[in-house]
Amino acid sequence: MNTQTAAGTARHFRRGWIYALTLALVTINYMDRSALGIVAQSVRGEFKLSPVEMGYLFSSFLWTYVICLLPIGIMLDRFSARNINSIGIALWSLAMAATAGVWSFATLIVARMVMGAGEATSIPSCGRIVREWMPARERGVANVVWSAGSFVGPAMGAVVTASIASAWGWRAAFIILGALGFVWFIANLVWFDRPERVSWLSADERKKILAERSAGSPDEIGVHGSPGVVFELLKSPSQWGAMIAQASGIYTLYLLLFWLPSYLQDTKHLTIMKTGLYTAVPWAVAVPVSIVIGLMSDRLLKNDTLLAGGRRAVVIACILLSAVIVFVPFTDDTTLILTLFALSLSGLNAMISLNLSLVTDLVHRARDVGKAISLTILSGNLCGLLAPIVTGYVVAGLGSYDWALWIAGILLIVGAIALGTMTRNGILPASAPLAAPRPA
């Protein structure tokens with residue numbers, strides 16, 4: 001690439017603002033959903049909750065989250081991600097603020113369930129936004145960047161929540177975090193839309209995005225698909241392989257998201273401030289490592305191997321990296337424990353986001369990407385909602401976290417096997433019935 005071309009490329013990367021916007025959305029999402037884990041001991045003490053009750057409380061936002069995922073995926077293939085995201089973040093931010101006013105276990109559960117319904121919009125919409133905005137060979141890194149918010153959020157949230165809770169109490173943390181969501185809400189309404197519509201995108205960059213975002217397959221952005229295609233997707237072994245892999249990763253992610261602070265407090269007897277700092281370390285380390293993995297996955301792929309599922313090998317390697325969590329029970333050294341958690345989380349972030357990229361690669365019709373992504377995320381969260389509950393029973397029954405970590409490791413190995421054996425073809429068969437195209 002000559003100097004003039006390089007300069008032109010540098011001038012025309014305004015889509016970088018989409019990277020920033022989606023990263024900020026997911027960061028706020030995970031700051032909010034991880035906050036309860038940081039103040040869990042305070043909440044548990046105030047409401048006199050058992051480990052099993054805490055497991056159900058941690059899980060409760062996922063009950064509505066998983067119910068809403070598939071309808072939202074269908075809506076994303078028909079309506080603007082801009083509007084869906086605006087409704088979602090407004091709803092969950094109000095629920096966060098309302099959590100500060102709860103007075104019982106039941107009202108805590110209700111607030112968490114409302115929060116889950118709102119949060120169900122953000123992850124599927126980010127997958128859809130990447131499909132609309134990014135050249136196909138940028139999908140891996142673009143998905144890893146916004147997915148990094150699921151790690152930046154807990155890292156930042158651990159410190160911010162612990163600091164606010166230490167100074168003003170746990171209820172104040174929920175009010176302040178709830179207010180943060182409305183800052184993103186305003187930015188989304190002012191600056192975001194499809195690349196065909198925004199005024200701040202240069203003509204050259206718009207042309208590049210529209211020409212390269214489908215890797216040579218029919219573009220079909222703005223064409224409505226049929227909800228009935230969900231049944232065609234579920235006939236695909238590749239769809240099921242991706243769903244099983246996602247389930248194993250999300251189970252482990254939610255185990256660490258909700259129970260890591262309690263694990264550190266119970267086993268290392270830390271204060272809430274030290275718990276926040278120690279919790280932040282592995283989440284923060286995972287962000288740059290997983291982004292580098294995402295960049296490598298894009299650099300190694302060409303359009304023909306990308307559409308054939310060539311990203312699969314990297315995803316499997318990331319699942320196996322995340323399985324190092326099984327070694328945590330064999331050491332008492334805090335530094336080594338945090339290192340193992342950091343390695344596991346690095347693999348998890350890369351695996352979860354690149355698995356969604358693999359789904360996007362294998363669904364060649366853009367009209368059905370939202371549904372395929374939502375099915376994948378749905379399977380992950382159906383399994384993930386069990387993680388807080390199962391862990392609560394394991395800790396209450398055995399008085400230890402060892403088997404909770406080993407269960408996660410076993411599931412990750414199952415996910416790697418499913419991905420390696422089942423994702424060998426495109427997700428939609430060539431004979432899948434097409435809905436009559438209807439321009440948006």
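All values derive from a computational prediction rather than experimental measurement.
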Heavy atoms from other residues, nucleotides or ligands near CH2 of Trp200 exceed 12 (cutoff 6.0 Å): yes
NZ/Lys268: more than 12 non-hydrogen atoms of other groups inside 6.0 Å: yes
Where Val394 and Ala404 come nearest, the two heavy atoms and their spacing: CG1-N, 3.8 Å
Heavy-atom closest contact (Gly178 atom, Ser93 atom, distance): O-CB, 3.2 Å
Close side-chain approach of Leu255 to Leu260, heavy-atom, < 4.5 Å: no
ring-ring contact (aromatic ring centres under 6.0 Å, His included) partners of Tyr30, counting only residues at least two apart: none
Atom CG of Asp332 with >12 non-hydrogen neighbours under 6.0 angstrom: no
Trp240 to Leu234 - nearest heavy-atom pair and separation: NE1-O, 2.7 Å
From Ser125 atom OG to Glu132 atom CD, the distance as rounded to the nearest 0.5 Å: 10.0 Å
Given Ile186, Asn188, Thr121, the one that forms side-chain contact (heavy atoms from CB on, under 4.5 Å) with Ser86: Asn188
Side-chain heavy-atom pair Thr331, Ile337 within 4.5 angstrom cut-off: yes
pair Leu36-Phe61: side-chain heavy atoms closer than 4.5 Å: no
Closest non-hydrogen atom pair, Ser344 against Val324: N-CG2, 3.8 Å
Evaluation steps, side-chain contact (heavy atoms from CB on, under 4.5 Å), between Phe192 and Trp133: CA-CA 11 Å; Phe192 180 74; Trp133 268 90; 3.5 Å; yes
Heavy-atom pair of closest approach, residues Ser150 and Val26: N-CG1, 3.4 Å
Spatial distance of atom CE (Met54) from atom OG1 (Thr391) [nearest 0.5 Å]: 12.5 Å
Residue pair Phe151 / Leu253, side-chain heavy-atom distance below 4.5 Å: yes
Side chain Arg312, main chain Thr423, donor-acceptor under 3.5 Å: yes
Aromatic ring pairing Trp403/Trp406, orientation class (parallel under 30°, perpendicular over 60°, tilted between): perpendicular
Shortest non-hydrogen contact between Gln265 and Thr275, atoms and distance: CG-OG1, 2.9 Å
Ser59 side chain reached by Arg112 side chain, heavy atoms, under 4.5 Å: no
Flag, side chain of Trp184 to backbone of Leu21, donor-acceptor distance under 3.5 Å: yes
Heavy-atom side-chain contact between Asn355 and Ile319 under 4.5 Å: no
Other residues, nucleotides, ligands: >12 heavy atoms within 6.0 Å of Met75 CE: yes
Residues that Phe58 engages under ring-ring contact (aromatic ring centres under 6.0 Å, His included), provided they are two or more places apart: Phe258, Trp259
Point-to-point distance, once rounded to the nearest 0.5 Å, from CD1 of Ile18 to CD1 of Ile129: 7.0 Å
Donor on one side chain, acceptor on other, Arg33 and Tyr254, under 3.5 Å: yes
Worked verdict on Trp92 versus Asn29 for side-chain contact (heavy atoms from CB on, under 4.5 Å): CA-CA 9 Å; Trp92 97 60; Asn29 183 311; 3.8 Å; yes
Trp17, CH2 atom: more than 12 neighbouring heavy atoms under 6.0 Å: no
Any Ile123 side-chain heavy atom under 4.5 Å of Trp146 side chain: yes
Within-4.5 Å side-chain heavy-atom neighbours: Val328 and Tyr401: no
Verdict with supporting geometry, Trp283 and Leu256, side-chain contact (heavy atoms from CB on, under 4.5 Å): CA-CA 10 Å; Trp283 293 98; Leu256 297 178; 4.2 Å; yes
Those residues that, when tested against Ile244, pass side-chain contact (heavy atoms from CB on, under 4.5 Å) (two or more places apart): Val414, Ala418, Met422
Donor-acceptor contact below 3.5 Å, side chain Glu53 vs main chain Ser50: yes
Distance in Å, Leu25 CG paired with Glu119 CD, rounded so as to fall on 0.5 Å steps: 9.5 Å
Distance (rounded to the nearest 0.5 Å) between Leu419 CG and Ile417 CD1: 11.0 Å
Expected output: side-chain Thr107 to main-chain Val102 donor-acceptor under 3.5 Å: no
Stepwise side-chain contact (heavy atoms from CB on, under 4.5 Å) test for Glu46 and Arg171: CA-CA 12 Å; Glu46 181 174 332; Arg171 295 177 187 268; 2.6 Å; yes
Donor + acceptor pair across side chains of Gln246, Thr376 (<3.5 Å): no
Interatomic distance, Leu385 atom CG to Tyr56 atom OH [nearest 0.5 angstrom]: 10.5 Å
